[in-house]
Amino acid sequence: MILQALAASIGALCLLSAPAVAQTPPGPGPGARMGPPRTLADIPAWTDGLFGHLDANQDAAITGDELAALSSGPAAAMGGGRLRRMIAQSDSSNDGRISREELTAGTERMFTRMDADGDGTLSDAELPRPPAPPRPPSIPMPAPEPMPMPEMPGGD
């Protein structure tokens, strides 16, 4: 279930069309596509695009400062915080910097977990469902006052 929630948040980044600037949440662009890659063969191109959008200073690594853009504004509302955590888990060298290769390997691991039937393609049933929109808080209603018993005519 957590994996599905993380994968659903990938849609937040699939809306990107230009490199992100550090501390500026990414926005939608022309030709944007929602969701994770649908086949194993799609992963390299998908992660290249994602990496290019997140590596704002073009230093060949995604750092915490660059991931911070996912935790505010519209990106956060679309699940960017979960995506940030998933990307951070791709840091297999534990150096605080995610290389293109680490991101690709992390995406392949996530894809393999989602591909329940192991056919190398994510069917609609295997794709995560988008998070439900937040519900407004419910306001408890006071208990109704009991109705008084009507008086009967002619009774004592």
Side-chain angles (χ1 to χ4, degrees), residues 1-140:
M1 180 134 6
I2 292 172
L3 179 62
Q4 288 182 340
L6 288 174
S9 63
I10 289 174
L13 283 181
C14 293
L15 294 174
L16 306 173
S17 67
V21 176
Q23 304 302 318
T24 302
R33 182 175 75 74
M34 290 291 291
R38 295 296 291 249
T39 68
L40 276 171
D42 294 339
I43 290 175
W46 187 87
T47 56
D48 280 348
L50 178 61
F51 193 89
H53 292 298
L54 288 175
D55 186 16
N57 62 2
Q58 302 298 303
D59 68 347
I62 300 170
T63 61
D65 289 342
E66 290 164 323
L67 287 176
L70 298 175
S71 297
S72 63
M78 292 187 290
R82 290 186 305 255
L83 181 59
R84 178 182 177 173
R85 289 186 294 277
M86 187 276 301
I87 292 171
Q89 290 176 359
S90 295
D91 183 14
S92 59
S93 63
N94 294 315
D95 63 356
R97 300 169 53 85
I98 300 157
S99 68
R100 189 178 304 267
E101 293 78 21
E102 287 174 318
L103 182 61
T104 300
T107 303
E108 288 172 352
R109 283 190 302 273
M110 182 192 67
F111 183 95
T112 301
R113 288 183 204 132
M114 291 171 56
D115 186 15
D117 61 10
D119 67 353
T121 301
L122 294 181
S123 67
D124 289 339
E126 293 169 321
L127 287 175
R129 291 181 177 74
R135 286 198 234 160
S138 62
I139 300 171

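Because only heavy atoms are used, hydrogens play no part in the values below, and waters and symmetry mates are left out as well, while side chains stay in.
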When rounded to the nearest 0.5 Å, the distance separating CG of D55 from CD of Q58 is 5.0 Å
When rounded to the nearest 0.5 angstrom, what is the spacing between OG in S92 and CD in E102? 4.0 Å
Nearest 0.5 Å, please: how far is CD1 in I43 from CG in L50? 12.0 Å
Nearest-0.5 Å distance, CD of residue E108 to CG of residue L40: 7.0 Å
Not counting sequence neighbours, which residues clear salt bridge (charged side-chain N to carboxylate O under 4.0 Å, His left out) with D115? List them please. none
Under the 3.5 angstrom rule, does the side chain of D48 hit a backbone N or O of G52 as a donor-acceptor pair? no
Any D65 side-chain heavy atom under 4.5 Å of N57 side chain: no
Residue list, side-chain contact (heavy atoms from CB on, under 4.5 Å) with S138, at least two apart or on another chain: none
T47: partners by side-chain hydrogen bond (donor to acceptor under 3.5 Å, both in side chains), with sequence neighbours left out: T104
Identify, with sequence neighbours excluded, every residue that meets side-chain hydrogen bond (donor to acceptor under 3.5 Å, both in side chains) alongside N94. none
First locate atom CD1 of I87, then atom CZ of F51, and finally report the distance between them rounded to the nearest 0.5 Å. 10.5 Å
Can you name the side-chain hydrogen bond (donor to acceptor under 3.5 Å, both in side chains) partners of T121, sequence neighbours left out? none
Rounded at 0.5 Å granularity, tell me how far OG in S90 sits from CD1 in I62. 8.5 Å
Minimum heavy-atom separation for P37 to T107, with atom names? CG-CG2, 4.2 Å
Might you point out which heavy atoms bring E66 and A61 nearest each other, and give the distance in Å? OE1-O, 3.0 Å
What are the two closest non-hydrogen atoms of E126 and M114, and how far apart are they? CB-O, 3.6 Å
My understanding is that only residues two or more places apart in sequence, or in another chain, count here; which of them pass salt bridge (charged side-chain N to carboxylate O under 4.0 Å, His left out) with D59? R97
So do the side chains of I98 and L54 get within less than 4.5 Å of each other, counting heavy atoms only? no
For T112, the side-chain contact (heavy atoms from CB on, under 4.5 Å) test, sequence neighbours excluded, returns none
side-chain hydrogen bond (donor to acceptor under 3.5 Å, both in side chains) partners for D119, two or more places apart: none
